[in-house]
Structure formats: C-alpha cells, structure tokens
Amino acid sequence: MTPAEQLFNQIMQQHTPLISKVCYMYATDTEHFKDLTQEVAANIWCGLDSFRAESKASTWIYRVAINTCVSFYRRNKRHEGALPLDSAGTVAIDNADAEHREQLAMMYRLISDLGKIDRALIMLWLDEKSYDEMAEITGLTRANVASRLHRARARLTLKAQQL
C-alpha cells in the first residue's frame, strides 16, 4: 500500500462520521446520501496532494465535504428543494432514544430548509467550531460568518416556535 493510500484510509477511518454528517445535511434520500459520500471520498483522494497541513485535517475535510455537496447541488438541480432524508437517518439518529430521535429529526428538517451555506454554518456551530474556523472552512470572512450565523439561528428559532 502506498503512503497516499495509507493516508487516505486513515482519513476515512477517522473522519467518516464528519463526512456522513455533512452529506446527511445535504442529501435528500438514501441513494443521494451514498452518492454524496462517495463524491466526497473521491474529492478527498484527489485533493490529498493539495493538503498542506496548514490547518487541522478535520477543517480541510469539512471544506472538501461542504464544497462537494454544494457543487453536487449546482450540477444536479433536481435535488433542490427536496424533502430531507427519511431512511438514511441512520447517520446521527440511530443511537438516540425515541424522544431524542424525534427531536433530532425535527432539527434536521428545520436545518434542511436553510440555504446551503447557512446549513453548513449551523452544522459547524453545532460542532462548536469558532467563527475563525468556520470562516476558514467556508471561505467566508469572519464578519460574514457571524452575520449569516446570527440570521440563520434567528430563522431556526422562529420556525421552531411556529411548530
């Protein structure tokens, strides 16, 4: 096995939950989830040479995963506005009890109504990333991250109150 293959396998073993979480946020069904996950893995493989380790590997992987999912949407407009996942909810929901599972499913539904970038920001915020880390991952300025995140959280709060 080559050093690149070893590094790729290590990244995939360590960061599959992160990749799955990002893909889950953008997927519309189980097949779409699988397609996105495979596309992210392919882009990680292709981008291994460009990873300079100037940031944490997880930051780079977030960026690759988010950019892959957003690009996939642009290429495949048919997924735009589709309902969130049902059967592929195994990503983050399987290990929860029934009440928690219902709350997580509702949270994912609310988040899936946000725009692509706002969805990514909320996901990163839930993962307790700093504004600087979010800016690095998304390519936005820190101020833009703060502003967009504030508005996205306000929209989510309003939608949750309307339920």
I'd like to know if the side chain of [X] reaches the main chain of [Y], judged simply by a donor and an acceptor atom lying under 3.5 Å from each other, with no hydrogens or angles considered.
X	Y	result
Q13	Q10	no
S112	R109	yes
Q161	L158	no
R119	M25	yes
R142	Y131	no
T157	R153	yes
S50	G47	yes

Task: Check: T59/R63 side-chain N/O donor and acceptor closer than 3.5 Å - done: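 Note: T59 and R63 side chains miss the donor-acceptor criterion.
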Separation between [atom1] of [X] and [atom2] of [Y], rounded to the nearest 0.5 Å:
X	Y	atom1	atom2	value
L156	W125	CG	CH2	8.5 Å
S58	I19	OG	CD1	11.0 Å
E39	C23	CD	SG	9.5 Å
N144	T138	CG	OG1	8.0 Å
T30	D35	OG1	CG	11.0 Å

- [ ] Assert yes or no for the condition that the ring centre distance of H32 to F72 is strictly below 6.0 Å.
- [x]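 Yes.
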What heavy-atom pair brings [X] and [Y] nearest, and what distance separates the two atoms?
X	Y	value
L110	A160	CD1-CB, 4.0 Å
T68	V64	OG1-O, 2.6 Å
A41	F8	O-CE1, 3.4 Å
T141	A135	C-CB, 4.0 Å
A4	W45	O-CZ3, 3.6 Å

- [ ] Begin from the C-alpha positions of K159 and D113 and carry the test side chain to side chain contact (heavy atoms under 4.5 Å, CB included) through to its verdict.
- [x] CA-CA 10 Å; K159 285 184 177 199; D113 288 340; 3.2 Å; yes
Could you tell me if the side chain of [Y] sits less than 4.5 Å from the side chain of [X], heavy atoms only?
X	Y	result
M134	L149	yes
L124	I66	yes
F33	Q38	no
L121	L140	yes

Task: Chi angles and distances behind the side chain to side chain contact (heavy atoms under 4.5 Å, CB included) call for I11, L48 - done: CA-CA 10 Å; I11 286 172; L48 279 178; 3.7 Å; yes
Open item on the list: Less than 4.0 angstrom from a charged side-chain N to a carboxylate O is my criterion; do R155 and D118 meet it?
Closed with: yes
Open item on the list: Is the ring pair W60/F51 parallel, tilted or perpendicular, if the boundaries are 30 and 60 degrees?
Closed with: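 Correct class here is tilted.
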Could you check whether atom [atom1] of [X] has more than 12 heavy atoms from other residues, nucleotides or ligands sitting under 6.0 Å from it?
X	atom1	answer
Q6	CD	yes
D132	CG	yes
Q14	CD	yes

TODO: Please lay out, stage by stage, how V40 and V22 fare under the test side chain to side chain contact (heavy atoms under 4.5 Å, CB included).
DONE: CA-CA 10 Å; V40 169; V22 172; 6.0 Å; no
Open item on the list: Test side chain to side chain contact (heavy atoms under 4.5 Å, CB included) on M107 and L126; report intermediate values, then the result.
Closed with: CA-CA 11 Å; M107 180 185 73; L126 289 171; 4.0 Å; yes
